[in-house]
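Count residues from 1 along the sequence.
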Amino acid sequence: LIIIFVIMDLRRTRHANRLKSDFLSNMSHEIRTPVTAILGMNEMIQRESDDEEILGYADNIEKAGESLLGIINDILDFSKIEAGRMELHEGAYAFGDLLRDLQLMVQMRAEEKELRFSMEVDENLPTEPVGDEQKLRQIITNLLTNAVKYTDEGSVALKLAKKEISGNTLIMHVSVKDTGIGIKEEDRDRLFESFARLDEERNRNVEGTGLGMSIVVRLLAMM
């Protein structure tokens, strides 16, 4: 009787978790829209105001809003994956455009912290691969923003290399190297756990949900 009760309770818990994930997945548009609207109105203030004090407030709103939107996106993406609603949308895309976008995005964040950013790309990688560009962009962006976030001085480097080709399938090796604080040996097995933030005492001033690496491995598994 005890065993039957425990099994029923686990099923009820899984059902509740699935309902929660379904709700957040369905609500993704409604949750994101108000935040993007605030950021849009704030952008108008930045364009039209000449008052230095007001522009200072607007800059703070932009930083806080972008941070909030990033947290919301992580939670909603994770919920969508949990609910089985995340899908791959594959097609041909310009690999060079993706690399330029990544470089511009990371270069700006790195310069804010006075970090050096470098990128090494294997010239044998295809210029127009077929795949889900958005998911690949999200994976590499998560790796790079993590590197910048946990690096206070020095550099961040991205390397993309062709590792193996079988038929029409390419295996691309993506690596990110930084001069940041690193990860303690005892914490490495927890790196990809959901909602896990490593070394909380040392990283208490670093913003984040602890979902970035978990989302990366789940997207890679989908691929």
Side-chain angles (χ1 to χ4, degrees), residues 17 19-49 51-83 85-87 98 101-115 117 133-152 156 176 178 180-181 190-219:
N17 287 337
L19 287 176
K20 175 199 69 179
S21 297
D22 283 343
F23 170 77
L24 286 172
S25 177
N26 289 327
M27 287 291 291
S28 62
H29 177 72
E30 285 77 6
I31 295 173
R32 284 188 177 104
T33 299
V35 181
T36 54
I38 291 169
L39 289 172
M41 295 298 292
N42 188 65
E43 187 178 340
M44 292 176 64
I45 293 172
Q46 291 173 313
R47 284 203 310 263
E48 297 178 10
S49 177
D51 188 303
E52 291 297 326
E53 186 174 7
I54 290 176
L55 289 174
Y57 294 146
D59 286 342
N60 290 334
I61 292 172
E62 181 183 17
K63 290 175 183 176
E66 292 290 353
S67 177
L68 176 59
L69 189 59
I71 292 171
I72 290 171
N73 285 337
D74 277 352
I75 293 172
L76 294 177
D77 284 346
F78 182 79
S79 297
K80 190 175 287 188
I81 293 171
E82 288 280 282
R85 294 176 181 270
M86 183 72 80
E87 298 178 353
L98 170 63
D101 290 347
L102 288 171
Q103 183 169 16
L104 287 171
M105 181 274 297
V106 181
Q107 190 77 48
M108 181 177 65
R109 297 188 182 206
E111 287 177 355
E112 288 176 355
K113 300 184 69 174
E114 298 183 352
L115 302 174
F117 174 66
E133 179 188 8
Q134 186 203 4
K135 303 294 190 304
L136 179 60
R137 183 189 300 267
Q138 186 174 3
I139 288 167
I140 299 177
T141 297
N142 274 358
L143 295 174
L144 288 171
T145 52
N146 247 31
V148 173
K149 188 189 300 182
Y150 290 99
T151 302
D152 289 329
V156 173
V176 175
D178 62 65
I181 59 178
R190 297 178 52 234
L191 179 60
F192 301 106
E193 289 180 8
S194 305
F195 301 102
R197 283 174 52 80
L198 308 183
D199 204 349
E200 287 277 11
E201 180 62 29
R202 185 168 55 162
N203 299 323
R204 61 184 180 276
N205 294 323
V206 179
E207 296 177 345
T209 59
L211 287 175
M213 292 299 100
S214 177
I215 289 173
V216 164
V217 294
R218 286 166 187 255
L219 290 177

Query raised in the report: How would you list, by chain and number, every residue that makes a side-chain contact (heavy atoms from CB on, under 4.5 Å) with Glu111, sequence neighbours excluded?
Result: Gln107

Requested in this report: Nearest 0.5 Å please: distance from the CD atom of Gln46 over to the CG atom of Leu39.
Outcome: 9.0 Å

Query - side-chain contact (heavy atoms from CB on, under 4.5 Å) partners for Ile54, two or more places apart - result: Ile45, Ser49, Asp51

Report summary line: Of Val156, Leu115, Leu143, the one forming a side chain to side chain contact (heavy atoms under 4.5 Å, CB included) with Asp178 is Val156

Query raised in the report: Testing Val216, Leu102, Leu136 for side chain to side chain contact (heavy atoms under 4.5 Å, CB included) with Thr141, which one passes?
Result: Leu102

Query raised in the report: Do side-chain atoms of Lys113 reach the backbone of Thr151 as a donor and acceptor pair under 3.5 angstrom?
Result: yes

Report task. Please identify each residue that fulfils salt bridge (charged side-chain N to carboxylate O under 4.0 Å, His left out) with Glu43, with sequence neighbours left out. Result -> Arg47

Query - Rounded distance [0.5 Å steps], CD1 in Ile215 versus CD in Gln138 - result: 6.0 Å

Query raised in the report: What residues form a side-chain contact (heavy atoms from CB on, under 4.5 Å) with Thr36, not counting sequence neighbours?
Result: Leu69

Query raised in the report: Taking only residues two or more places apart in sequence, or in another chain, which ones meet Asp59 in a salt bridge (charged side-chain N to carboxylate O under 4.0 Å, His left out)?
Result: none

Query - Test log, rule side chain to side chain contact (heavy atoms under 4.5 Å, CB included), inputs Met108 and Leu104 - result: CA-CA 6 Å; Met108 181 177 65; Leu104 287 171; over 6 Å; no

Query raised in the report: What pair of heavy atoms forms the shortest contact from Ala58 to Asn42, and how long is it?
Result: O-ND2, 2.9 Å

Query raised in the report: By side chain to side chain donor-acceptor pair (under 3.5 Å), which residues pair with Glu114, not counting sequence neighbours?
Result: none

Query - Distance (rounded to the nearest 0.5 Å) between Asn142 CG and Arg137 CZ - result: 13.0 Å

Query raised in the report: CD1 of Ile61 to CG of Leu55: how many Å apart, nearest 0.5 Å?
Result: 11.0 Å

Query raised in the report: Which is it for Glu112 and Val148 under the side chain to side chain contact (heavy atoms under 4.5 Å, CB included) test, yes or no, and what are the steps along the way?
Result: CA-CA 10 Å; Glu112 288 176 355; Val148 173; over 6 Å; no

Query - Partners meeting salt bridge (charged side-chain N to carboxylate O under 4.0 Å, His left out) with Arg109 (sequence neighbours left out) - result: none

